[in-house]
4 protein chains.
Amino acid sequence: MALGSPFNESEFSNAMIDTGWQRKKDERPGEILDAALDLFVEKGFRATKMEDIARAAGVTKGTPYLYFENKEELFKAVVRETQVAHVTSMRERAAGHSGSATELLFALLEDWWKESGSTRLAGLCKLMMAEATNFPELAAFYYAEVIAPSRAMMTSIVEFGVARGEFRPLDVAAAVDALMAPIITSMVWNHSFGAMPGVAPVGRHDYASLMASLSLLLNGLTAR
Amino acid sequence: MALGSPFNESEFSNAMIDTGWQRKKDERPGEILDAALDLFVEKGFRATKMEDIARAAGVTKGTPYLYFENKEELFKAVVRETQVAHVTSMRERAAGHSGSATELLFALLEDWWKESGSTRLAGLCKLMMAEATNFPELAAFYYAEVIAPSRAMMTSIVEFGVARGEFRPLDVAAAVDALMAPIITSMVWNHSFGAMPGVAPVGRHDYASLMASLSLLLNGLTAR
Amino acid sequence: MALGSPFNESEFSNAMIDTGWQRKKDERPGEILDAALDLFVEKGFRATKMEDIARAAGVTKGTPYLYFENKEELFKAVVRETQVAHVTSMRERAAGHSGSATELLFALLEDWWKESGSTRLAGLCKLMMAEATNFPELAAFYYAEVIAPSRAMMTSIVEFGVARGEFRPLDVAAAVDALMAPIITSMVWNHSFGAMPGVAPVGRHDYASLMASLSLLLNGLTAR
Amino acid sequence: MALGSPFNESEFSNAMIDTGWQRKKDERPGEILDAALDLFVEKGFRATKMEDIARAAGVTKGTPYLYFENKEELFKAVVRETQVAHVTSMRERAAGHSGSATELLFALLEDWWKESGSTRLAGLCKLMMAEATNFPELAAFYYAEVIAPSRAMMTSIVEFGVARGEFRPLDVAAAVDALMAPIITSMVWNHSFGAMPGVAPVGRHDYASLMASLSLLLNGLTAR
DNA sequence: CATGAATGAGAATTCATTCAT
DNA sequence: GATGAATGAATTCTCATTCAT
């Protein structure tokens, strides 16, 4: 697992004395969630076997059931846990920003990319889209907790930009769509066709590429 | 099945003598592909049962196996058949266009949306993304036959626009990414969260919304 | 099919005017039985598909059912038809023999071998042994029509040899067993391990080998 | 299961702590192999259902798959396990023999009969012959591990007999064929027609009958 | 008579889940 | 808490058999 796990500081942890077995015990759920995230992202929900998750977490078949009702609940827990970290950090960063709307947009998308787009969380986002119709309530949760807040943040920045005359008067919803589309496309891409050998170049879908798209959008393609 | 099936005019059909039973034979594969497309799009590959496809096509369990080796081959056939129609029509339309690059882009994306984005084909596109890592060769086929050509078309239009001074000199690849992102996002959206009751408004992801995004991209957000 | 089919002169044939279509029609069942014999011998009962038999007989899937109730009946018919020819010819030859018991035994076993042991009928014999417990009545038929008569014939020859002082007084049943064992073993062998590439030499199981075994049995191994 | 199972002392067993559940684990594979041997011998490979094997072993459908990849591997395991015991005991007995070639032959065939011919192993031998063409590699294994060694043993005894003047100079291969044919025929017989009610008397195919055949072969039928 | 599309019972195999240890 | 043997519902795929043409 490349980038820091979002689970080890989750609600499952505790700050008690951290000695050997006790610590082990408290980390179990986090380790299982972590392994589950990896496997769900890699193979999808149906194709991921509980036993594989258990083995990847270093436990045996029955253990995940001590912490999670069933496979579906485990999946939901993965999504929830992941988003807790994600949304929290998004909010903290947004709150601390200042400067022009343009600067804010660049900063926010940069953070978003670095925090999520380029990590396993992007895979989770793609997975949620793939499984949304199979898990309606989970999708509703994801929508409410991740998508709507993100969009609200973007919306207020665009409105701020228009208010201060930085952006011309425009269709705010459309602008937000246009601003979010490249990062969403990139996240999905990197976990679908982009993962295939030799298929990289439908756009690079890396950070530089994303920033280039954003610049184009801000300035327009049309010659003045 | 709401919008016109791409299968009924496929290689499987024939317009010959149309007498009851015999007629069935020629239509069967198309009917099965059609039912399969619906169900795969709705539930994904793993969650779709062969027997459900059969029932949806009005036949029994064994019948799909008369025409398709197994579930995976049926899935591949769905993708291939669908794309034949799609890519062909894309090319025909592109060939017939004239006018400014801007007009071309609008026309092409409009066609794309009406042809694919708003139909079950969008669901297939989303499905391919969801299943890409599970079906590498199929993903390669899809990439080669659908994605790469589409992108090539967009690229030449942008280059044309730059050449004739309509667009300012720019990073063509990034521009193409930015142009394609909204329609891709919309297609995925409409078959994931967008399909949930009461979740419409993360952007409308309809035709008007798409055109609005395109306009913004062409003109920029930034005030002059 | 190498050696002459036993079916074309079967009860299914008729001696009527033999012109084109009419003839075709009358040969159908024989052609199906012939194909079935080949395939049953090659693959066994369960692994042989009705459609393969039909195809091998140059007809389509439904046709065998016009002549045979079902797969089991077809199998039984194969066995019965085959044995009609076999037992008949055995009897004719036995009736015509004269000379010493030893000469009779050699002649009879030679005929047996040439008529059955070295042809597809040996495969059928092996198949009957393999399937005996699955088809009790058929096995009973085979036993009654093929095995018992063959054995009776051998028994009377041995008794004849003892009576005329050619053989010493002995356990006739054991002698018959010992005389029949090599040819039975050879028939089974040639359609099991003997059919494997590079496995020939557990005894050659050909005509010369069979005669050598017979000679040994008649003369004994022991030095005088 | 009448005669002692070859499995209960196999590598799968262990004599360790014997407490309920845990004990089961070690016995399971042996119980399944045992049940499988019975059923395969009785019905043949194709006609034997995995679920029946499971039930016969006192477990449910899925359990055999915990120990054997699939039906074919289970079949192979049955053959291999059975032969381990068989070939080992054959070798031990052969090594311990002394005396004349005639005595050796009688002793060896007696052992062979008692060890294999009259037990379920004879059924396995018949099964291997029935399925040889369906499982070429398994047949090759059986040939190499069972048939070839047995034949080699017989061959060296006959050669020994000729060398010491006990047997007259003869075609050794033919002699071995003739010596082995009765026991092979008996093994096959007892698991095909011989298993049918009221069909016993094509030779008794029991121990006494076998020894009688052997005596005849050694002494010859012909009057001196 | 012959065809071959369609049927549907049946068998192999998988895997989420349970529970005695 | 943890284990992992066992379960059995679920699913894919096969193929003997039927019957409208």
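- Taking 4.0 angstrom as the limit, Arg28(D) places a side-chain polar atom (N or O) nearer than this to OP1 or OP2 of dA6(F).
- Whole-Å rounding puts the Leu74(D) CG to dA11(E) P distance at 17 Å.
- Residue pairs satisfying the salt bridge (charged side-chain N to carboxylate O under 4.0 Å, His left out) criterion with at least one member in residues 47-57 of chain D, sequence neighbours excluded, are listed as follows: Asp52(D)-Arg55(D).
- Using a distance-only test at 3.5 Å, with no hydrogens or angles considered, no donor-acceptor pair links the side chain of Asn134(C) to the main chain of Ala47(D).
- Look at Thr63(B) and you won't find any side-chain N or O under 4.0 angstrom from OP1 or OP2 of dA6(E).
- Under the 6.0 Å distance and 45° angle rule, Arg80(B) counts as a cation-pi partner of Phe141(B).
- Taking Ala139(D) as the reference, Phe193(C), Met196(C), Met128(D), Ala132(D) meet the side-chain contact (heavy atoms from CB on, under 4.5 Å) condition, with sequence neighbours excluded.
- Computed from coordinates, the Leu66(B) CG to dG4(E) P distance equals 13 Å when rounded to whole Å.
- We find that CZ of Arg55(C) is positioned 11 Å from P of dG4(E), with the value rounded to whole Å.
- The ring pair (Phe, Tyr, Trp, His ring centres under 6.0 Å) search around Phe135(D) returns Phe45(D), Phe75(D), not counting sequence neighbours.
- Using a 4.0 Å cutoff on non-hydrogen atoms, the parts of residues 40-53 of chain C near DNA chain F are Thr48(C), Lys49(C), Met50(C), ordered by number.
- OP1 or OP2 of dG4(E) has not a single side-chain nitrogen or oxygen of Lys61(C) nearer than 4.0 Å.
- Contacts of Val41(D) classified as side-chain contact (heavy atoms from CB on, under 4.5 Å), with partners at least two apart in sequence or in another chain: Leu37(D), His191(D).
- For residues 56-67 of chain B, no residue pair satisfies the salt bridge (charged side-chain N to carboxylate O under 4.0 Å, His left out) rule, not counting sequence neighbours.
- Taking atom CZ of Phe68(B) as the reference point, atom P of dA6(E) lies 12 Å away to the nearest angstrom.
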Item to check | Watson-Crick or G-U pairs under 3.5 Å in DNA chain E, rendered as dot-bracket with [ ] for crossing pairs and | for another strand | outcome: .||||||||||||||||||||
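- Partners of Ala56(B) according to the side-chain contact (heavy atoms from CB on, under 4.5 Å) rule, which considers only residues two or more places apart in sequence or in another chain, are Ala35(B), Leu39(B).
- Protein atom NZ of Lys71(C) is 15 Å distant from nucleotide atom P of dG10(E), rounded to whole Å.
- Put simply, Tyr65(D) has no side-chain N or O that comes within less than 4.0 Å of OP1 or OP2 on dC15(E).
- A straight line from CD1 of Ile32(D) to C1' of dA6(F) spans 10 Å, rounded to a whole angstrom.
- Among residues at least two apart or in separate chains, salt bridge (charged side-chain N to carboxylate O under 4.0 Å, His left out) pairs with a member in residues 127-141 of chain A are Lys76(A)-Glu137(A).
- Comparing Asn70(B) and Val59(A), the nucleotide of DNA chain F nearest to each residue sits closer to the 5' end for Val59(A).
- Counting to the nearest Å, the C1' atom of dA16(F) and the CD atom of Glu69(C) are 13 Å from each other.
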